[in-house]
Structures are given as structure tokens and as C-alpha cells.
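What follows is a short report on a single structure.
Computed over heavy atoms, backbone and side chain alike; hydrogens, waters and symmetry mates excluded.
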Amino acid sequence: MKRRDFIKLVGGVVAWPLAAHAQQVGKVPRIGCLSPGRSELPDPTFSMLNAFLQGLHELGYTEGQNLAIERQYAAGSSDRLRELAAELVRRKPDIIVAFSTTAARPAKQATGTIPIVAVAMADPVADELVASLARPGGNVTGTTFLGPELVAKRLQLLREVIPGLSRVAALWHPNAYSECTMAGVLNEIEVAARALGLQLQLVPAVGPDDFVSAFAAMAREDAEALIVMPSPMLFGEYRRIVNIAADRRLPAMGAAREFVDLGDSCPTERTCPILPGRPRRMWTKS
């Protein structure tokens with residue numbers, strides 16, 4: 001299923017309680033949307049929000065007619081996300097839609113009563129959003145991609161694409177998920193790197209302002225390739241990461257197809273420098 005179709009499906013999850021609410025109290029239901037990204041394209045989380053709204057529209061909900069929506073964007077700032085979550089709760093929407101675990105966690109911390117639908121969570125149990133997948137409990141529901149188990153496979157695919165690869169840099173966001181989930185993600189890639197005989201350089205980026213220093217650190221360690229770890233903040237900054245990697249001729253892999261789409265838009269001369277004489281692009285689907 002394509003990402004846009006999947007997000008539209010989430011609209012159905014939200015629409016049912018909204019319909020019940022409207023019937024009970026006879027007023028226009030209100031949705032609070034909380035995003036860790038930016039309020040403009042090409043931010044991928046903005047695209048997800050647009051697809052979600054389109055899904056609601058197809059179910060008969062139109063903003064300004066029978067639906068009110070308040071949008072909050074944190075632009076990659078974890079501190080700002082917490083402030084926006086608290087602000088949304090004070091305005092008492094009927095439901096909160098949180099895009100990713102990064103937004104769902106501060107939303108849950110801000111309220112235990114307003115229903116929260118979280119889109120594309122990592123590990124909702126380890127991140128303490130739900131009690132279990134079978135019996136979530138509490139006020140949070142939504143969808144999960146359980147990303148940690150895929151980290152090792154992505155690293156393996158990167159090695160297969162680049163013969164002779166020995167040094168890999170991993171760009172990761174320390175605040176992406178809970179400490180438990182992040183510890184699991186880092187352990188997965190460290191174990192995989194050792195098994196594949198790769199030297200792994202973990203390069204943290206708390207926010208977009210850290211990218212320049214992060215890539216400088218990769219250059220100092222002579223990184224031969226880059227793998228971008230799962231993170232809503234990094235996901236929202238794919239275009240900038242792709243451009244920096246291309247300028248530095250550093251083969252790179254992301255965790256979502258949007259990374260590939262952005263790479264395909266790079267000039268054709270930006271080919272993988274580790275594969276001389278082979279016109280293979282530096283972007284790989286995982």
C-alpha cells in the first residue's frame with residue numbers, strides 16, 4: 001500500500017469517533033493536528049497531513065463546513081513540540097492526531113483524556129504510549145511500523161549495493177523516540193555492523209542545525225556511505241540531507257521511499273563515487 005493511501009485510511013480511524021461526537025452534541029467536531037515537521041512542502045510530514053485531510057474529505061468531512069481543524073507544527077524542535085501539545089490540550093479539541101511517535105509522546109504527556117490517534121509510531125509499547133498492542137488501554141491508538149527490526153536489514157542492503165564498503169556513518173536523532181526504543185535501534189545497527197565487518201560511526205543530530213557539523217564529522221572519519229536512521233525529524237529534513245550528501249558525493253540510504261524520490265531529482269552527474277564507471281545512483285530503496 002502506498003504511503004498516501006495508508007494515511008488516508010487513518011482518516012477512517014478518526015472519522016468514526018468524530019461522527020459519534022457530532023451526533024451526540026450537535027456541534028462541529030474539532031481536530032487538533034500535531035506535527036514535528038514544517039507547514040510547507042516538501043516537508044514529508046506536511047504531505048502526510050494533506051493526505052490525511054483528503055481521506056477525511058472523501059469520508060464526507062470538509063474543513064470549515066462540518067469540521068474544524070487546528071494545526072501545530074514544531075519545525076523539528078522537541079521543546080517546541082511539548083509547548084504546542086500543551087497548547088492544543090488547553091483548547092480542548094475532540095481528538096488529537098499526532099504525526100509520529102515524536103508528536104504522540106508529548107501529546108500523551110499533556111492529556112490522559114482527549115483521544116489521540118498517532119500516525120506511524122515506532123514501537124508504541126517500548127515508547128510507553130500503549131500498554132500492549134493487543135490491549136492498548138489509555139487514550140492512544142493509531143498505526144505502527146515497528147522500525148527497529150528493520151535497521152539491520154537496511155545496513156545489509158547498503159553493503160550489497162556498494163561493493164567493498166568498510167566504513168559507514170549512521171545519522172541518528174537522539175530524541176526521536178523513547179530511551180528504550182533508541183537504545184534498541186542503536187544496538188541493532190551496532191550488532192549488524194559487527195556481523196558484516198563494517199566500521200560504524202554513530203553521528204547524532206538533535207536538530208537540523210547540527211547537520212553541517214554532523215557531515216563534517218563523517219568526513220573526518222572518511223565515511224564511505226551514510227545511512228539515515230528512522231526519525232520524524234530526519235524524515236522531515238530529507239531534502240536537506242539528500243542535498244548535502246550529494247554535494248559531498250556520499251552514497252546514502254534513508255528509511256523511507258521519499259529519500260529515494262528526492263535523490264532521483266538530483267542532477268544525473270551525482271553518481272556514486274565508490275562505483276567508478278558505473279552510472280548507478282547513490283540512492284537506495286529499503
Side-chain angles (χ1 to χ4, degrees), residues 7 10-40 43-53 55-57 59 61-122 124 127-131 136-144 173-179 181 206-208 231-233 235-236:
I7 299 302
V10 177
V13 178
V14 176
W16 183 83
L18 289 180
H21 175 84
Q23 291 173 0
Q24 290 173 1
V25 300
K27 68 176 184 179
V28 174
R30 297 170 56 242
I31 297 178
C33 292
L34 185 61
S35 168
R38 291 185 168 84
S39 59
E40 59 188 5
D43 188 291
T45 52
F46 187 67
S47 298
M48 291 169 65
L49 173 59
N50 287 339
F52 164 70
L53 296 177
L56 285 177
H57 181 72
L59 291 168
Y61 290 91
T62 301
E63 185 177 6
Q65 297 181 15
N66 59 349
L67 184 67
I69 299 175
E70 180 173 350
R71 303 163 176 80
Q72 297 286 10
Y73 304 91
S77 170
S78 298
D79 292 337
R80 181 61 177 153
L81 199 55
R82 286 189 289 270
E83 296 172 1
L84 294 176
E87 182 178 336
L88 268 182
V89 170
R90 285 194 296 270
R91 298 185 181 185
K92 298 180 179 180
D94 298 303
I95 192 169
I96 294 175
V97 177
F99 290 87
S100 80
T101 298
T102 307
R105 293 184 70 209
K108 186 176 187 298
Q109 292 166 1
T111 178
T113 56
I114 299 174
I116 299 170
V117 176
V119 181
M121 292 178 283
D127 289 327
E128 301 179 338
L129 291 170
V130 301
N139 63 321
V140 178
T141 188
T143 60
T144 174
H173 178 206
N175 299 328
Y177 309 113
S178 69
E179 291 184 10
T181 296
V206 176
S231 156
M233 185 276 289
F235 178 69

Whether Ser100 side chain and Pro232 backbone form a donor-acceptor pair below 3.5 Å: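 No; judged by distance alone, with no hydrogens or angles, the pair does not exist.
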Short question: side chain of His173, backbone of Ser231 - any donor-acceptor pair under 3.5 Å?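 Flag not set: sc His173 to bb Ser231 has no pair under 3.5 Å.
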pair Ile96-Pro115: side-chain heavy atoms closer than 4.5 Å: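 No, every pair of side-chain atoms sits at 4.5 Å or beyond.
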Under a 4.5 Å cut-off applied to non-hydrogen side-chain atoms, are Ser178 and Thr181 in contact?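 Yes; the side chains approach each other to less than 4.5 Å.
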Parallel, tilted or perpendicular: which one describes the rings of Phe99 and Phe52, with boundaries at 30° and 60°?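 Judged by the thresholds at 30° and 60°, the geometry between Phe99 and Phe52 is perpendicular.
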Which of these, Asp127, Ile114, Ile116, sits in a side-chain contact (heavy atoms from CB on, under 4.5 Å) with Lys108?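 Result: among Asp127, Ile114, Ile116, Ile116 is the only option passing the side-chain contact (heavy atoms from CB on, under 4.5 Å) with Lys108.
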Should we count CD of Glu70 as having more than 12 external heavy atoms under 6.0 Å?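 More than 12 heavy atoms, drawn from other residues, nucleotides or ligands, come within 6.0 Å of this atom.
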Working to the nearest 0.5 angstrom, can you tell me the gap between [X] [atom1] and [Y] [atom2]?
X      : Y      : atom1 : atom2 : value
Arg82  : Ser77  : CZ    : OG    : 8.0 Å
Thr102 : Met121 : OG1   : CE    : 12.0 Å
Tyr73  : Leu49  : OH    : CG    : 4.5 Å
Cys33  : Met48  : SG    : CE    : 11.5 Å
Arg30  : Asp94  : CZ    : CG    : 6.5 Å
Thr111 : Lys92  : OG1   : NZ    : 10.5 Å

Exercise: identify the closest heavy-atom pair between Ala107 and Leu34: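 Scanning both residues, the minimum pair turns out to be CB-CD2, 4.2 Å.
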How far apart are the closest heavy atoms of Ala104 and Ala118, and which atoms are they?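 Heavy atoms of Ala104 and Ala118 come nearest at CB-CB, 3.7 Å.
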Looking just at side-chain N and O atoms, do Glu63 and Gln65 make a donor-acceptor pair shorter than 3.5 Å?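 Checked: Glu63/Gln65 side chains show no N/O donor-acceptor pair below 3.5 Å.
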